[in-house]
Amino acid sequence: MSDAPTEFALPDGVHPFPHRHLTGIAGLQPWEIGFLLDEAEQWIALNRNTSKHDSRLAGLTQINAFFENSTRTLLSFEIAGKRLGADVVNMHAAQSSVKKGETLIDTAVTLNAMRPDVIVIRHDSSGATGLIADKVDCPVLNAGDGRHEHPTQALLDALTIRRRVGRINGTVVVICGDVLHSRVARSNIILLGTLGAEVRVVAPPTLLPSAIERMGAIPYTDFDAALEGAEVVMMLRLQLERMDGAFVPSPREYHHFYGLTRERLGRAAPGALVMHPGPMNRGIEITSDIADDLQRSAITEQVEMGVAVRMACLDVLTRARRGVEGWA
Amino acid sequence: MSLVEKGTLAIRNGRIVDPVAGTITEGGMLIRNGVIEAFGDIEHGLFRRSDVVADAKGALIAPGIIDVGAFAIDPAAATAGGITTSLLMPDQSPPLDNPALIRQAASFPSDAVSIVPIAAATRGLEGREMAEIGLMQRAGAVAVSTGRSWIADSGLMYRLLAYASAFDLIVMTHAEDDGLTKGAAATDGEMASRLGLPSAPAIAEAMAVARDIALAEETGARLHFRQLSTARAFDLVRTAKRRGVRVTCGVTPAHLLLSEQGIGPFRTFARLSPPLRSEDDRKASIEAVRDGTVDLLCSAHDPRGPEAKRLPYASAEPGMAGAETLLTLSLTLVKDEVVTLPRLFELISAAPARLFGLDAGRIAQGAAADLILVDEDMPWKISAEALAGRAGNTPFDGLPVQGRVLKTIKGGQPLG
């Protein structure tokens, strides 16, 4: 377990996490984020044991409703639920009546009627998770909605930074890549900013949101300039179809200006941590020698933290229904 | 000789708004056979001999509202909002792109509201081939329109404006360059960035306006921008008017009262077309009303049920139910001293009548008795559920407002 300090302490008499759902990082207090990170620490330890079982969610039904294809996030949520003893059911969009024209709300009402205890949702439209959260009786966890938010990704990234760098407050973090289309970037900008990090975003202007500075991030178009003094370099995936001339002329040109190479990493602070939410385009946004350098790259650790963070979120969000003292 | 015969309605104790003269005068009104017979300082005895005598109790008596560019026929909403003439957009199913459909729309059987059709400028509103706009004018259309979208093909737009000028027909266009706005659900800015919504730069409007003004200037055609929402677009219209270009524009109260902040968090009732803009653009829109760049206020009435609105933001259809709140929301312009009360009524009745050649929107002997009684101070609260029209998709749900239509009179008949 890390003994990293929580930068923003819970004020006296305040509930550590008074929210019914986790639809985004926006709106969370710094101590609420810190609380989830602290809760995740115990699960890191459990997950490293041979026996990885806890039964606190026994008898509870967790539905993973994935309206957008996903392998790693779905797997991470499934493992997290099962390790806590929940009955986990996966619903894939390809198998659902969404393809038959049923509206999202009808689908939500249908899922709700099956009396789940927690629903994890991924959808390709911004705001879809919040829409469902308003219509169901159980907690809803956002596993990514369009370009809007991906809160558990930001939490696992924060946990990784906290353990590897030792703090978040005051840390200089560079986020490079397709910020425009990235929910990972948005959740990270909000979370890291809330916990006091300096967040720089780097991308060609075609891939930067119009008013990103209003979210507290400092925009750059020159990767080398952004890297000065960076302690964390977070690379984003660029969809290959966006490199065909619409947003970026070619993968080759993108790599030349925005790819993370060993040489370029030398501009960052000594020992700077490299992160990537995966899956990577090796040789485009990141070269293999950096991705595979365990001294610098935290990419596999991010995946490990992901399970722990999701276990913490599932535990915390179901406490009220489980009648945990102080949460009912 | 008595002015009063059977079937007369007398209204006394009102304040008559004459938007053409720009005056408000205390007095009453006599209505017979659906037309205004006399108004102003009317002899007391005439009231007593009328069939029905209504006491306005000091309310305003004004011409009924002429709403330019509604997307649906919605008599209940119109009456509740004081609209007695509704210019219907061609975006119907099927689109109003031939004379028979125009004739059918123009003869919509309603005692509450006159439906005046606007013809589709192109077949199927597809922006490819000109529709029979001359014949549709003969069938009752008062303008032609590009509908919800812009015509991207500059050559076609040029020929359309040139052709329409032969009939002195107004070409009403939607001003957004769709090369920029394709797929967008919001305007570039803080909210789109925070919410992760596909967005387009606000200059998409000015680009469309600049091109269409240039083409109108070249052809001498009459051009009306159904609604504008940005500082740059109003600047273009302002300077074009000074040059003598025959260009006019409208604006909706929503764009005068709400900025992009109104869309958060994912309020699909605030998804409009054009989208809600920045605070600077909102303020510029108000200034454009103040200095007369804006020719008329319209509701862009577009009632939408849950199947179009209870969706993720980017999948929801744009549009708001605006007919019932057009006057109420516009009255804030009077309270904020942007316009005077008579000028406001000009913007919603006399000006549209003049622009589209309608015999309405005026207080005069022999004019049709399309009138509204308004208490401009009455406080009430807008409630989406309580709206009388076809749907309650208003971004103003729960807003306390002042000013309400007390009674709508259509062709001399009090409604509701």
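Each chain gets a letter, A, B and so on, in the order its sequence line appears, and its residues count up from 1. This is a predicted model, so every value here is computed, not measured.
- Along residues 140-155 of chain A, the residues that come nearer than 4.5 angstrom to chain B, judged on non-hydrogen atoms, are A:R147, A:H148 in order of number.
- Rounded to the nearest 0.5 angstrom, B:R310 CZ and A:T103 OG1 are separated by 7.0 Å.
- The number of heavy-atom neighbours closer than 6.0 Å to CZ of A:R20, taken from other residues, nucleotides and ligands shown, is above 12.
- Using a 4.5 Å heavy-atom threshold, the side chains of A:S126 and B:L195 count as separate.
- Closest approach of B:L311 to A:L131, counting heavy atoms only: C-CD2, 3.4 Å.
- Contact residues of residues 209-218 of chain A toward chain B are A:P209, A:S210, A:A211, A:I212, A:R214, A:M215 (heavy-atom distance under 4.5 Å).
- More than 12 heavy atoms of other residues, nucleotides or ligands shown are found within 6.0 angstrom of CZ on B:R238.
- Between the side chain of A:R186 and the main chain of B:S193, a donor-acceptor pair closer than 3.5 Å is present.
- Between the CG atom of A:D124 and the OG atom of B:S315 there is a distance of 7.5 Å, given to the nearest 0.5 Å.
- Among B:P265, B:A314, B:P198, B:P306, the residue with the largest count of heavy-atom pairs under 4.5 Å with chain A is B:P198.
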